[in-house]
Amino acid sequence: MTVEQLKYAGESDAMIARSLKVDVDTLRKHCAYELENGYANRRREVTRLMFEQASKGAGWAIKRLDEIGKVSRAAAAVGDRGKAQPQSPPKPPKLGKKEERQAAAENVGGKFKAPEPPKLVVNNGSKA
């Protein structure tokens, strides 16, 4: 619990190891779970205690929980900004002068359109 409490308070691994009078590597070996999840576990405990106080009618706890809720909703909204917008289709690559002229030549219509190739009477590729 001490490691979790110090991690929740924002202490570094080195500072926690110094306070417990152990080497940092020893702390990381024996308290890896507490170091990784200490903040979340203590945050959960503090939130639970605030909800208990709020249910007993403590005004400070109700106000603080309301602030936490507003902040977390705002953070979620900011995080979802890029995801909420529909993605536009990718733009076609910009063509150079020669590519533009080639595309225009391929799309010629009317009396300047290239004639259709002749249809062959005999099709040597198919079996009848």
Side-chain angles (χ1 to χ4, degrees):
M1 275 180 81
T2 303
V3 174
E4 286 184 353
Q5 290 168 349
L6 290 171
K7 197 66 176 176
Y8 180 75
E11 296 296 339
S12 66
D13 293 357
M15 187 61 75
I16 295 170
R18 264 188 249 133
S19 70
L20 297 174
K21 297 180 176 87
V22 296
D23 187 55
V24 175
D25 293 332
T26 304
L27 176 73
R28 289 182 181 147
K29 179 180 177 183
H30 294 287
C31 300
Y33 177 81
E34 289 83 359
L35 289 171
E36 188 173 330
N37 301 306
Y39 181 82
N41 291 340
R42 291 297 105 200
R43 178 78 174 171
R44 182 189 67 224
E45 181 67 18
V46 167
T47 304
R48 184 186 65 78
L49 292 171
M50 278 197 292
F51 272 106
E52 283 180 9
Q53 292 298 315
S55 66
K56 293 177 185 176
W60 67 269
I62 295 169
K63 183 177 179 183
R64 182 68 180 129
L65 286 169
D66 184 48
E67 290 172 3
I68 290 171
K70 288 178 183 176
V71 168
S72 65
R73 279 193 308 271
V78 169
D80 292 341
R81 276 188 187 164
K83 297 175 189 173
Q85 298 174 356
Q87 293 186 2
S88 61
K91 294 180 180 178
K94 180 151 173 84
L95 300 176
K97 290 181 197 176
K98 291 179 182 178
E99 289 88 4
E100 286 177 355
R101 290 178 182 160
Q102 180 66 35
E106 290 172 359
N107 295 327
V108 169
K111 68 178 188 177
F112 297 107
K113 182 177 179 183
E116 292 289 324
K119 294 185 177 152
L120 299 176
V121 176
V122 179
N123 189 352
N124 294 330
S126 66
K127 294 180 182 177

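When reading the values below, keep in mind they use all heavy atoms of this one structure, side chains included, and skip hydrogens, waters and symmetry mates.
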Would you say Thr26 and Leu20 make side-chain contact, with heavy atoms under 4.5 Å? no
Considering only NZ, NE, NH1 and NH2 on the basic side and carboxylate oxygens on the acidic side, decide whether Arg42 and Glu45 come within less than 4.0 Å. no
So CG of Asn37 and CZ of Arg43: to nearest 0.5 Å the spacing works out to 15.5 Å
Go through the steps to decide whether Arg28 and Leu35 satisfy the test side chain to side chain contact (heavy atoms under 4.5 Å, CB included), and finish with yes or no. CA-CA 7 Å; Arg28 289 182 181 147; Leu35 289 171; 3.9 Å; yes
Spatial distance of atom NZ (Lys7) from atom OG (Ser12) [nearest 0.5 Å]: 7.0 Å
Glu100, CD: over 12 other non-hydrogen atoms inside 6.0 angstrom: yes
Is Trp60 linked to Leu65 within one hydrophobic cluster, defined over Ile, Leu, Val, Met, Phe, Trp and Tyr using a side-chain heavy-atom separation of less than 4.5 Å? yes
Minimum heavy-atom distance between Val24 and Ala14, given as atom pair plus value: CG2-CA, 3.8 Å
With clusters defined by side-chain heavy atoms of hydrophobic residues (ILVMFWY) lying less than 4.5 Å apart, directly or transitively, does Met15 cluster with Leu27? no
Validation row: Arg101, Lys98 side chains within 4.5 angstrom (heavy atoms): no
Transitive ILVMFWY side-chain link Ile68 to Tyr39, under 4.5 Å: yes
Strictly below 4.0 Å, N to O, side chains only: are Arg48 and Glu52 in salt-bridge contact? yes
Looking at side-chain heavy atoms only, is the closest gap between Asp66 and Ile62 below 4.5 Å? no
Give, for atom CZ of Arg18 and atom CG of Asp23, the distance between the pair rounded to the nearest 0.5 Å. 11.0 Å
Closest heavy-atom contact between Ala61 and Ala54? CB-N, 3.7 Å
